[in-house]
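Only heavy atoms go into these numbers, but all of them, side chains included; no hydrogens, no water, no symmetry mates. Numbers here simply count residues along the sequence, with the first being 1. What you see is a predicted model; the values in this text were computed from it and never measured.
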Amino acid sequence: QMTYGTLTKTPQPGDIVGFTYKGSKSAYHVGIYLGEGMMIHAPRPGTSTTIESIEKFANGSKISYTHILDSLL
C-alpha cells in the first residue's frame with residue numbers, strides 16, 4: 001500500500017499512513033489519514049476499527065505518508 005503511490009510530507013485526508021520500525025523498509029502497520037494528526041485503522045486482528053492519534057500509535061516508529069488517490073483516477 002505504501003509503495004503504490006507517492007510519498008508526501010504534506011498528507012491529505014485519504015492518504016495512507018505507514019509505520020516502520022527503525023532499520024526496516026517495510027511497514028508493520030498502515031492506516032488512513034483523516035487530518036489534524038488523526039487516522040482510522042484496525043489496531044490488531046479481532047479489534048474494532050478506531051480513530052486514533054498518529055503520534056500516540058507510532059510511539060517512536062517512523063511515520064510515512066503516501067498519496068494514492070490521484071493514482072486511482
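Note on Ile68: it does not cluster hydrophobically with Val17, by side-chain heavy-atom contacts below 4.5 Å among ILVMFWY residues.
With rounding to the nearest 0.5 Å, the separation of CD1 in Ile32 from CE in Met39 is 10.5 Å.
Shortest non-hydrogen contact noted between Ala42 and Thr47 is C-OG1, 4.5 Å. When all heavy atoms of Pro11 and Tyr65 are compared, the closest pair comes out as CB-CD2, 3.4 Å. Looking at every heavy atom in both residues, Ser48 comes nearest to Pro43 through O-CD, 3.4 Å.
Screening Asn59, Ile54, Val30 against Phe19 for a side-chain contact (heavy atoms from CB on, under 4.5 Å) leaves a single residue, Ile54. The residue from Thr66, Leu7, Thr8 that alone fulfils the side-chain contact (heavy atoms from CB on, under 4.5 Å) condition with Ile16 is Thr66.
At least one side-chain heavy atom of Gln12 sits under 4.5 Å from a side-chain heavy atom of His67. A heavy-atom distance below 4.5 Å is found between the side chains of Ile51 and Leu34.
A donor-acceptor contact under 3.5 angstrom links the side chains of Tyr28 and Ser61, judged on distance only.
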Discussion item. Evaluate Thr20 against Lys25 for side chain to side chain contact (heavy atoms under 4.5 Å, CB included), listing each step before the verdict.
Written reply: CA-CA 7 Å; Thr20 309; Lys25 293 183 180 184; over 6 Å; no
Fill in: Evaluation steps, side chain to side chain contact (heavy atoms under 4.5 Å, CB included), between Glu52 and Met38
CA-CA 6 Å; Glu52 187 170 356; Met38 303 298 284; 5.5 Å; no
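Using modelled atom types, no side-chain atom of Ser24 and backbone atom of Tyr21 make a donor-acceptor pair closer than 3.5 Å.
Ring geometry for His29 against Phe57 counts as tilted: the plane angle lies between 30° and 60°, on a 0 to 90° scale.
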